[in-house]
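Quick one: this structure, given as structure tokens, is what I'll be asking you about.
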Amino acid sequence: MAGIQDNKEILKWQIEMGVDEIIGEKPVNRLLEEDLITAKPTLDVSSSRDVNPPDPKPVEKPPQESINSQDPVTEATKLVADVRSLEDLRKAILEFPHCSFRHTSNNLVFSDGNPEAWLMILGEAPGYEEDIKGKPFVGKSGRLLDKIFSETGISRSNSKPNDSFYITNTINWRPPGNRNPIKNEIEMFRPFVRKHIELINPKILVLTGNIACTAILNQQGITRLRGKWLNIDNLDIMPIVHPAFLLRNPTFKKNTWQDVLAIKKKLVELE
Ligand code: URA
Ligand code: URA
């Protein structure tokens, strides 16, 4: 049995790891089919989505269509092959049966902002407010992101391509309990993300946090990657820390401000 001191250490560690919400009251055997269907996650270990009330929607039994023998990445790649428009892409993601998050989400969170924008921002996955409204980055961290960019005159609602942004996520459904998506979940969405970038054809791509960096760069270590320009297939890419991380670590705001100024400078140079 852990002593009081150990428990304190464990609690401290959990807080450092981003555990900020306890949802379930009963232990769950995740290996039992019954529990898998009715389980609520016990801990929120998400790093980058906002603190939320518990899921309002009951967890549903997955329909039979999700039991598909095809490899999810192959199927996603096939689904995007014929996609020619954002509307087609939205439909393809809606049709894609392999992501279990769709059964516990209220809405597909596709995108927001100006599709003509030169700047495209890629986040992680929707949180509670995004799931309810069906739009990315409309919660606390989204408001911070909007505020930082608006200081340089850039906003998602601006109609001028050089002063606006288009925004989406690596994963388009909310992970239950705001947990971080795991590697194969990121991988199955990668074909959709790549197609999304191709359709928007931005001049600059901003990756917020480790999940977006994993999807696009196959790399983690955002505090090392941030603030450095990369160029892949003629696209300028800038990783920045996630705004939810900034909410918990305000000392990083100074760095992010420098990164956003560098992004603004590049946009001006491209004019
Ligand atoms: N965090 C994200 O990464 N995406 C959202 O849409 C909201 C919070
Ligand atoms: N971990 C993340 O996933 N994103 C950040 O921005 C910082 C730490």
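Indexing begins at 1, ligand by ligand and atom by atom, following the structure's order. When a residue number appears, it is its place in the shown sequence, counting from 1.
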(request) Answer with yes or no whether Ser141 contacts ligand 1, where contact means a heavy atom under 4.0 Å from a ligand atom. (result) yes

(message) Check for me whether the distance between the ring centres of Phe137 and His242 falls short of 6.0 Å.
(response) yes

(request) Answer yes if the ring centres of His98 and Phe96 are under 6.0 angstrom apart, and no otherwise. (result) yes

(message) My understanding is that only residues two or more places apart in sequence, or in another chain, count here; which of them pass side chain to side chain donor-acceptor pair (under 3.5 Å) with Gln258?
(response) none

(message) Using 30° and 60° as the class boundaries, would you call the ring planes of Phe165 and Phe149 parallel, tilted or perpendicular?
(response) tilted

(message) Check for me whether Ile211 has a heavy atom closer than 4.0 Å to any atom of ligand 2.
(response) no

(request) Check each atom of ligand 2 against the heavy atoms of Ile222 and keep those under 4.0 Å away; list them by number with element. (result) 4 (N), 5 (C), 6 (O), 7 (C), 8 (C)

(message) Taking 4.0 angstrom as the limit and counting only heavy atoms of Pro136, give me the atoms of ligand 1 inside it, by number and element.
(response) 6 (O)

(request) Pull out every atom of ligand 2 sitting under 4.0 Å from any heavy atom of Phe245, numbered as shown with elements. (result) 5 (C), 6 (O), 7 (C), 8 (C)

(message) Against ligand 1, does His242 come closer than 4.0 Å with any heavy atom?
(response) yes

(request) Could you list which atoms of ligand 2 come closer than 4.0 Å to a heavy atom of Val241? (result) 6 (O)

(request) Examine Ala125 against ligand 1 and note whether any of their N/O atoms are separated by less than 3.5 Å. (result) yes

(message) Checking side-chain polar atoms at under 3.5 Å, does Asn158 have a donor or acceptor matched by the opposite partner on Asp163?
(response) no

(message) Check whether Glu130 reaches the backbone of Gly139 with its side chain - one donor and one acceptor, N or O, closer than 3.5 Å.
(response) yes

(message) Going by salt bridge (charged side-chain N to carboxylate O under 4.0 Å, His left out), name the pairs with one or both residues in residues 188-216, residues two or more places apart or in two chains.
(response) Lys195-Glu198

(message) Please identify which of these residues, Ile200, Leu267, Asp236, meets the side chain to side chain contact (heavy atoms under 4.5 Å, CB included) condition with Trp118.
(response) Leu267

(request) Considering the heavy atoms of Gly123, write down every atom of ligand 1 situated less than 4.0 Å from one of them. (result) 3 (O)

(request) Consider every N or O of Pro126 and every N or O of ligand 1, then say whether any pair is closer than 3.5 Å. (result) no

(request) Just let me know how Glu124 lines up against ligand 1, side chain, backbone, both or neither, with a heavy-atom cut-off below 4.0 Å. (result) both

